[in-house]
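Taking it in order: structure first as structure tokens, then the write-up.
Just so we're on the same page: letters track the sequence lines, and every chain starts at 1. Computed from a predicted model, the values in this text were never measured in an experiment.
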Amino acid sequence: MVSSSCLPVAHTYMLFISALMSYFCGIIEFLIGWCYFLDDSRWEEERYTDGVKWKFLEHKGPVFAPPYEPLPSNVKFYYDGKPMKLSPEAEEVATFFSKMLDHEYTTKDIFRKNFFKDWRKEMTSEEKAKITDLKKCNFTEMSEYFKGLSEARKAMTKEQKLKIKEENERLLQEYGFCIMDNHRERIANFRIEPPGLFRGRGDHPKMGMLKRRIRPQDIIINCSKNSKHPEPPPGTKWKEVRHDNKVTWLVSWTENIQGSIKYIMLNPSSRIKGEKDWQKYETARRLKKCVDRIRAQYREDWKSKEMRVRQRAVAIYFIDKLALRAGNEKEEGETADTVGCCSLRVEHIKLYPENEGQEYVVEFDFLGKDSIRYYNKVPVEKRVFKNLQLFMENKEPDDDLFDRLNTSVLNKHLQELMDGLSAKVFRTYNASITLQQQLKEALENTAASKILSYNRANRAVAILCNHQRAPPKTFEKSMQNLQAKIDAKRDQLANAKRDLKAAKADAKGLRDDKSKKTVETKRKAVQRIEEQLMKLEVQATDREENKQIALGTSKLNYLDPRISVAWCKKWGIPIEKIYNKTQREKFAWAIDMAEKDFEF
DNA sequence: GAGACGACTTAGCATAATCATA
DNA sequence: TATGATTATGCTAAGTCGTCTC
């Protein structure tokens with residue numbers, strides 16, 4: 001819990017008011033709730049014990065995907081060059097494919113094979129008998145039709161767009177919020193995922209499979225007994241209505257691709273998510289206090305007589321030093337072949353006793369989460385190197401590097417070293433401590449360069465955590481545009497400087513007030529242009545350095561927001577320069593409680 | 001201890017909304 | 001005011017990790 005000194009004045013004041021009015025027993029509960037609504041200091045509310053997440057939960061249930069609208073009769077599907085009217089079920093699935101025609105997915109064999117197999121399941125027996133080859137299917141007319149619709153949407157009048165916006169807002173107000181205990185909370189994803197073709201990442205064996213439509217009878221509702229239960233659409237029933245207050249979800253269903261459960265949960269701005277987020281960073285701060293001991297321990301364990309201990313110790317070293325993920329085992333053939341630390345295979349690393357002037361270099365090359373490539377060459381301690389050589393001895397490339405280790409064993413060990421410690425805490429800790437250190441080291445002075453140095457620090461973390469993105473499609477062009485702007489600004493500056501020089505010469509000869517004033521004006525103009533130029537140059541550097549790096553993920557999930565808030569307060573940088581609206585909402589708890597002297 | 005499962009966090013991409021500029 | 005660029009938001013896949021069962 002936060003110390004009472006952190007409580008905002010407004011909150012204290014409201015509590016005082018409510019204390020004064022406490023004899024109005026009937027309204028006291030309402031008042032407290034009202035106070036929390038107003039001052040947003042709900043992070044300081046008492047927490048439940050025994051895994052209870054809430055006492056009261058009421059919501060309106062999910063919003064279902066709109067029903068399928070059959071194609072107009074002039075839009076045709078062709079098989080083997082001839083138009084063919086499809087049954088509504090088969091047609092719907094065909095539209096999913098046609099909407100993706102421009103995407104690389106539809107050129108991939110696995111995607112096409114999976115799609116065709118599932119599509120055929122939706123066909124009538126006549127259709128099934130006729131449509132036997134995907135290559136003979138022509139979806140272009142359908143594809144053009146949907147492109148047309150999307151163009152039409154873009155070309156809508158202001159009034160039409162406004163109408164849609166209003167309808168969305170109405171839906172949001174009705175379904176986008178719930179009441180959890182005393183608060184009206186925003187729901188994250190109140191719309192059920194529409195049917196479509198599964199888009200797995202990387203070489204996913206199930207890409208292209210049909211993601212089926214979710215119906216009310218697939219839905220489990222979770223709410224409190226004494227709440228007004230959400231109504232299923234007329235003529236339908238929920239699969240189940242349950243009242244489990246040990247979980248935070250409001251709605252769940254089982255998806256058909258992997259058979260996993262999907263949930264509707266609250267928005268990151270909610271009390272329940274904010275508190276959890278805060279807790280996560282507090283655990284990472286506890287790791288800071290004992291990380292030296294843990295590091296000494298795993299270094300000691302590199303020498304252990306037991307192979308499993310040595311493997312564990314080297315794995316923790318990687319997780320700590322390189323911010324690798326834990327690496328759970330995955331079911332073969334069910335998902336893309338990706339790995340993390342514990343699931344690394346021999347083929348994923350190469351050992352160099354010497355490389356480019358460095359000793360004991362390990363080269364990592366593997367696909368991690370979301371099939372993002374991790375490539376890194378790092379020098380390691382001799383003992384680690386020798387251990388790795390040993391772990392790889394007499395193994396095939398596709399054998400596990402750490403054959404005596406899995407995430408369960410690893411996390412059990414970490415839990416023993418520190419309460420609440422698991423592999424992912426190292427990522428949070430190393431990310432946050434890196435940001436804090438880098439911000440301390442940055443010496444820039446102006447607001448613009450301060451923000452650049454913040455972005456640099458953010459970038460260092462993104463690189464550590466290997467958060468990559470595809471370079472934006474418009475990157476080259478936008479870079480050229482920016483360069484053109486910089487060139488123009490340079491010319492402008494040269495002109496302004498020449499003007500200033502001339503004005504100075506005039507003033508020297510004339511020695512009157514008017515020409516002195518002119519010099520001053522010209523001087524200011526030069527100054528202004530210099531500042532503008534610097535700003536542009538900073539922007540160009542920032543953009544270039546960010547080409548393939550995604551900053552958002554670390555900002556949102558790994559960097560203790562209190563570090564950023566404190567930094568903003570210390571240097572008088574508006575928080576809006578660092579966090580946009582959504583981020584400010586998510587980090588409201590940190591903005592509320594962090595002072596300029598906050599230390600991670 | 002293995003394996004399945006459930007609940008939750010973390011992730012990149014697509015699209016919508018907003019902003020800047022001609 | 002239209003258009004293109006940029007940023008914010010939405011979407012949902014893919015991880016982590018604890019618990020339960022055998």
Is there a side-chain polar atom (N or O) of A:N189 under 4.0 Å from OP1 or OP2 of C:dC11?
no

message = Go through it in stages, so that I can follow the logic: the residues are A:L172 and A:R186, the test is side chain to side chain contact (heavy atoms under 4.5 Å, CB included), and I'd like the CA-CA distance, side-chain angles, deciding distance and then a yes or no.
response = CA-CA 9 Å; A:L172 173 71; A:R186 179 87 189 264; 3.4 Å; yes

Comparing nearest nucleotides in DNA chain B, the 5'-proximal residue of the pair A:I372, A:V247 is A:V247

**Request:** Determine the interplanar angle of the A:F364 and A:F318 rings, folded into 0 to 90°, and report it as parallel if under 30°, tilted if 30 to 60°, perpendicular if over 60°.
**Result:** perpendicular

- Task: Begin with the C-alpha distance, continue with both residues' side-chain angles, and end with the deciding distance and a verdict on side chain to side chain contact (heavy atoms under 4.5 Å, CB included) for A:F97 and A:T106.
- Result: CA-CA 8 Å; A:F97 193 84; A:T106 56; 3.8 Å; yes

Note: chain A reaches DNA chain B at heavy-atom distances under 4.0 Å over the stretch, first to last nt, 5' to 3', of B:dA2 to B:dT21

The answer to which of A:Q583 and A:E329 contacts DNA chain C further toward the 5' end, by nearest nucleotide, is A:Q583

With a cut-off of less than 4.0 Å, is there a side-chain N or O of A:K330 near OP1 or OP2 of C:dG15? yes

- Query: What orientation do A:F587 and A:W589 show, parallel under 30°, tilted 30 to 60°, or perpendicular over 60°?
  - Reply: perpendicular

By side-chain hydrogen bond (donor to acceptor under 3.5 Å, both in side chains), A:Q258 pairs with (sequence neighbours left out) A:H204

Contacts satisfying salt bridge (Lys or Arg N to Asp or Glu O under 4.0 Å) that involve residues 407-418 of chain A (not counting sequence neighbours) are none

Check your understanding: How is A:R325 classified with respect to the nucleic acid when contacts are heavy atoms under 4.0 Å: base, sugar-phosphate, or nothing?
Key -> sugar-phosphate

